[in-house]
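Worksheet: one structure, shown below.
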Amino acid sequence: MPSQPEDQIVEAIQQALRTQRPLVVALDGRSGAGKSTLAPQVAARLGDCCLIQGDDFYSGGSAAEWDRRSAEQKAQLCMDWQRLRNEALLPLLAGQIARWHPFNFETGAGLAEDVRSASPAAILLIDGVYSGRPELADLVHLTILMETEDAERGRRLFEREGLAQVEWQQRWDAGEAYYFEHIKPRQSFDLVVRS
């Protein structure tokens with residue numbers, strides 16, 4: 001197996017394409033693991049690939065709302081997987097153009113006015129934590145977990161987004177930990193790579 005995460009992922013997808021087209025791939029992992037850096041590189045190398053950003057399907061909520069939620073609730077509610085399923089994956093798998101409104105990160109609430117669209121492709125690559133959810137298992141053919149040491153994740157998140165991200169990360173960590181321990185544990189992934 002190739003040693004670089006990008007090479008490992010590309011090889012796994014190419015192997016899976018031999019038996020499944022279109023192929024839906026979930027690139028999952030905790031915040032700051034390197035998914036969003038690696039996903040465009042993988043998509044570019046593969047060619048006929050549609051990259052779907054999981055953050056577009058963030059369910060939203062105020063800091064106070066997130067603080068009141070248990071780790072299990074955070075894991076269950078962070079991603080609007082039904083919207084991802086119905087607005088992106090199902091149309092693309094049916095050979096149709098998919099259209100959706102991303103979460104409005106500018107206002108921090110609701111959906112943005114702009115519309116994202118994606119065309120059908122041989123590979124549908126979902127980049128985002130919670131993308132390997134069991135509720136999507138009937139549509140996702142290959143699940144890949146990206147792992148990174150917690151200290152490195154924290155450094156990357158701070159470098160990328162500053163103190164505001166650190167504050168939100170403290171809210172999200174418990175939900176992500178719950179997800180990878182109870183909902184989608186490491187051993188349930190088809191491939192685990194370290195960045």
[Y] reachable from [X] in the ILVMFWY side-chain graph, under 4.5 Å edges:
X	Y	answer
Leu142	Phe189	no
Val42	Leu27	yes
Phe180	Trp81	yes
Leu46	Val193	yes
Val192	Ile13	no

Do [X] side-chain atoms and [Y] backbone N/O form a donor-acceptor pair below 3.5 Å?
X	Y	answer
Arg85	Leu136	no
Gln41	Ala43	no
Arg83	Asp56	yes
Glu176	Ala75	no
Ser195	Gly34	no
Gln15	Ala12	no
His141	Val24	yes
Asp28	Gly132	yes
Ser119	Ile97	no
Asp80	Phe57	no

If you take all heavy atoms of [X] and [Y], which pair is closest and at what distance?
X	Y	value
Tyr130	Cys78	CE1-CB, 3.5 Å
Lys74	Trp66	CE-O, 3.0 Å
Ala39	Leu51	CB-CD1, 3.8 Å
Asp127	Lys35	OD1-CB, 3.3 Å
Arg69	Gly60	NH1-O, 4.1 Å
Asn104	Ala112	CB-N, 3.6 Å

Got a second to check how far [X]'s [atom1] is from [Y]'s [atom2], nearest 0.5 Å?
X	Y	atom1	atom2	result
Ile144	Ile9	CD1	CD1	5.0 Å
Glu113	His101	CD	NE2	9.0 Å
Ser31	Asp173	OG	CG	7.5 Å
Glu72	Glu181	CD	CD	12.0 Å
Leu23	Arg18	CG	CZ	12.5 Å
Arg186	Leu145	CZ	CG	7.0 Å

Which of parallel (below 30°), tilted (30 to 60°) and perpendicular (above 60°) describes Phe103 and Phe105?
->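 Phe103 and Phe105: perpendicular rings.
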Where does the angle between the aromatic ring planes of Trp172 and Tyr58 fall among parallel (under 30°), tilted (30 to 60°) and perpendicular (over 60°)?
->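 The rings of Trp172 and Tyr58 stand perpendicular, inter-plane angle above 60°.
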Non-hydrogen side-chain atoms of [X] and [Y] separated by less than 4.5 Å:
X	Y	value
Leu38	Pro5	yes
Gln76	Ile183	yes
Met146	Arg194	no
Leu92	Ile52	yes

Option passing side chain to side chain contact (heavy atoms under 4.5 Å, CB included) with Pro102 (candidates Leu111, Asp114, Asp55) |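 Of the listed residues Leu111, Asp114, Asp55, the side chain to side chain contact (heavy atoms under 4.5 Å, CB included) partner of Pro102 is Asp114.
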Could you point out which residue of Leu124, Ile126, Leu125 forms a side chain to side chain contact (heavy atoms under 4.5 Å, CB included) with Cys50?
->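 Checked Leu124, Ile126, Leu125 against Cys50; only one passes side chain to side chain contact (heavy atoms under 4.5 Å, CB included): Leu124.
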For Gln20, does the CD atom have more than 12 heavy-atom neighbours from other residues, nucleotides or ligands under 6.0 Å away?
->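 Counting other residues, nucleotides and ligands, CD of Gln20 exceeds 12 neighbours.
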Identify whether the distance between the nearest side-chain nitrogen and carboxylate oxygen of Glu147 and Arg30 falls below 4.0 Å.
->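 Looking at Glu147 and Arg30, the cut-off is not met.
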Side-chain donor-acceptor pair under 3.5 Å between Gln14 and Arg45, yes or no?
->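 The criterion, which ignores hydrogens and geometry beyond distance, is not satisfied for Arg45 and Gln14.
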Go through Leu139 and Leu90 one step at a time and tell me if the side chain to side chain contact (heavy atoms under 4.5 Å, CB included) criterion holds.
-> CA-CA 8 Å; Leu139 302 181; Leu90 287 177; 3.9 Å; yes
